[in-house]
Engineer: 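Here it is: the structure, laid out below.
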2 protein chains.
Amino acid sequence: MMKAGNALHHDEAARDECRALGQILDRVGDKWTVMVVGALKDGPVRFTALLRQIGGVSHRMLTLTLRGLEEDGLVKRTSFPTIPPKVTYELSPLGHSLIDPLRTLSQWAVEHRPEVESARRAFRAEQDDEAA
Amino acid sequence: MMKAGNALHHDEAARDECRALGQILDRVGDKWTVMVVGALKDGPVRFTALLRQIGGVSHRMLTLTLRGLEEDGLVKRTSFPTIPPKVTYELSPLGHSLIDPLRTLSQWAVEHRPEVESARRAFRAEQDDEAA
DNA sequence: CGGGATCCACTGGGATACTG
DNA sequence: CAGTATCCCAGTGGATCCCG
């Protein structure tokens with residue numbers, strides 16, 4: 001995804017901002033990543049704990065999501081070679097630094113949720129009209 | 001997407017933040033939406049102009065993306081019943097209010113891009129080791 | 001010009017079973 | 001317990017053609 005935005009254009013700085021934004025949304029904009037980051041906010045958590053805490057995520061998707069975060073250096077994985085094995089995940093400093101920007105966004109979401117929802121209803125209403 | 005995060009859990013406020021964040025990422029986290037918002041930042045733009053300005057987006061996906069934004073009240077669509085038809089799109093006040101939070105995120109992305117990329121390389125390196 | 005409709009390839013993501 | 005591999009389906013998004 002997101003190799004978009006190639007053209008010979010005027011406001012190159014703004015476009016670069018957009019591309020950077022697009023890249024980080026590619027990481028964080030999927031189905032589970034934000035939930036995982038949220039769950040790791042307060043310290044290391046074991047794999048199975050995450051599984052239960054998040055709820056609804058499949059075994060497989062949790063591993064994939066964690067791999068993605070690990071790959072980008074946002075999460076640190078620590079495995080204890082005990083039997084049975086024990087693995088914990090925690091946010092790296094880089095990962096922590098992402099929390100504030102995300103929180104800014106979620107605050108917007110919380111504040112404006114009513115407006116968005118009423119806009120959605122208004123839109124649906126128009127749709128129904130034209131079907132008259 | 002994103003009906004996730006259902007369970008009987010402790011920190012209900014934090015989980016609600018996550019859900020709100022998830023919802024707005026569902027809107028904005030797709031392949032083209034941020035590019036469109038970026039392109040509309042400075043005022044009304046015509047459909048075809050958007051098409052060229054963004055570059056790489058298909059005719060169809062641009063309409064779908066715009067519909068989505070319109071549905072959520074982030075974008076206002078104005079059509080002039082001329083021949084040939086003319087339609088412009090612009091950010092609503094609500095849409096404008098989203099720009100700052102997004103900018104916060106893109107600033108993070110720009111600042112930490114080097115770290116993310118070196119983390120990625122390090123990760124790849126490990127992968128290659130184990131294939132030894 | 002703007003925007004539907006249709007067709008199709010590709011991927012995200014769930015269920016499940018197997019390994020160490 | 002943590003992780004991998006396989007299978008399979010639903011959704012996303014591109015290309016194309018058609019309409020006002």
Side-chain angles (χ1 to χ4, degrees), chain A residues 1-6 22 25-36 39-40 44-71 75-90 123 126-127 130-131, chain B residues 1-6 22 25-36 39-40 44-71 75-90 123 126-127 130-131:
Chain A
M1 256 198 181
M2 277 292 160
K3 62 156 189 192
N6 306 331
L25 285 178
D26 272 351
R27 167 61 54 226
V28 124
D30 67 5
K31 197 171 179 180
W32 298 111
T33 298
V34 282
M35 298 299 295
V36 171
L40 294 180
V45 187
R46 294 188 59 171
F47 184 87
T48 314
L50 278 174
L51 211 54
R52 284 191 307 262
Q53 195 179 341
I54 292 178
V57 63
S58 68
H59 198 138
R60 176 175 167 269
M61 283 317 295
L62 183 56
T63 23
L64 289 184
T65 303
L66 287 166
R67 284 295 164 275
L69 286 167
E70 196 193 351
E71 182 175 349
V75 157
K76 187 164 67 96
R77 175 181 182 276
T78 314
S79 82
F80 305 87
T82 55
I83 296 184
K86 172 179 170 175
V87 180
T88 68
Y89 294 89
E90 63 189 310
F123 190 85
E126 284 177 30
Q127 304 285 319
E130 88 190 12
Chain B
M1 257 199 181
M2 278 291 160
K3 63 164 189 189
N6 307 328
L25 285 179
D26 273 351
R27 168 58 57 223
V28 123
D30 67 6
K31 196 171 178 180
W32 299 110
T33 298
V34 281
M35 297 298 294
V36 171
L40 296 179
V45 187
R46 294 189 60 173
F47 184 86
T48 315
L50 278 174
L51 211 53
R52 283 192 306 261
Q53 197 178 340
I54 292 178
V57 63
S58 70
H59 200 139
R60 176 174 169 267
M61 283 317 294
L62 182 57
T63 23
L64 288 183
T65 303
L66 287 166
R67 284 293 163 278
L69 287 167
E70 196 193 349
E71 182 175 349
V75 157
K76 187 162 70 93
R77 176 182 182 275
T78 313
S79 81
F80 304 89
T82 56
I83 294 182
K86 171 179 171 177
V87 180
T88 68
Y89 295 89
E90 62 191 312
F123 190 85
E126 285 178 32
Q127 303 285 319
E130 89 190 12

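Order of the sequence lines sets the chain letters (A, B, ...), proteins ahead of strands, with each chain counted from 1. In what follows, every heavy atom counts, from backbone to side chain, and hydrogens, waters and symmetry copies are set aside.
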Engineer: Given that A:Val57 and A:Pro85 both sit by DNA chain C, which one's nearest nucleotide is further toward the 5' end?
Structural biologist: A:Val57
Engineer: Find out whether B:Glu90 and B:Thr78 are in side-chain contact, i.e. whether some heavy atom of one side chain is under 4.5 Å from a heavy atom of the other.
Structural biologist: yes
Engineer: Please list, by residue number, the residues of residues 59-67 of chain B whose heavy atoms come closer than 4.0 Å to an atom of DNA chain C; answer none if no residue qualifies.
Structural biologist: B:His59, B:Arg60, B:Thr63, B:Arg67
Engineer: Return the value, rounded to whole Å, for the distance between atom CD1 of A:Ile83 and atom P of C:dT19.
Structural biologist: 17 Å
Engineer: CG of B:Leu25 versus C1' of C:dG12: gap in Å, rounded?
Structural biologist: 16 Å
Engineer: Would you indicate what B:Phe80 reaches in the nucleic acid, counting non-hydrogen atoms under 4.0 angstrom: base, sugar-phosphate, or nothing?
Structural biologist: nothing
Engineer: Using OP1 and OP2 only, check whether a side-chain N or O of A:Tyr89 sits under 4.0 Å from D:dC1.
Structural biologist: no
Engineer: When the distance from CZ of B:Arg27 to C1' of D:dT12 is rounded to whole Å, what number comes out?
Structural biologist: 14 Å
Engineer: I'd like to check B:Gln53 versus B:Val45 (side-chain heavy atoms, cut-off strictly below 4.5 Å). Are they in contact?
Structural biologist: yes
Engineer: Filter on ring-ring contact (aromatic ring centres under 6.0 Å, His included), then keep only pairs touching residues 45-68 of chain B, sequence neighbours left out; what's left?
Structural biologist: B:Phe47-B:His59
Engineer: For the pair made of CD1 in B:Ile54 and C1' in D:dG13, what is the distance, rounded to whole Å?
Structural biologist: 15 Å
Engineer: Send over the distance from B:Arg46 CZ to C:dG3 P, rounded to a whole Å.
Structural biologist: 10 Å
Engineer: Would you say the side chain of B:Lys31 lies within less than 4.5 Å of the side chain of A:Asp26, judging by non-hydrogen atoms?
Structural biologist: no
Engineer: So which one's nearest nucleotide on DNA chain C is more toward 5', B:Lys86 or A:Ser58?
Structural biologist: B:Lys86
Engineer: Take the protein atom CE of A:Met35 and the nucleotide atom C1' of C:dG13, then report the distance between them rounded to whole Å.
Structural biologist: 16 Å
Engineer: Considering only side-chain heavy atoms of A:Lys31, which listed nucleotide, C:dG3, C:dG14, C:dC1, is closest?
Structural biologist: C:dG14
Engineer: Write down the distance between CG (B:Leu51) and C1' (D:dG13), rounded to a whole number of angstrom.
Structural biologist: 14 Å
Engineer: Can you measure A:Asp26 atom CG to D:dT12 atom C1' for me and round it to whole angstrom units?
Structural biologist: 14 Å
Engineer: Under the side chain to side chain contact (heavy atoms under 4.5 Å, CB included) rule, what do A:Thr65 and A:Val57 come out as? Steps first, then yes or no, please.
Structural biologist: CA-CA 10 Å; A:Thr65 303; A:Val57 63; 5.6 Å; no
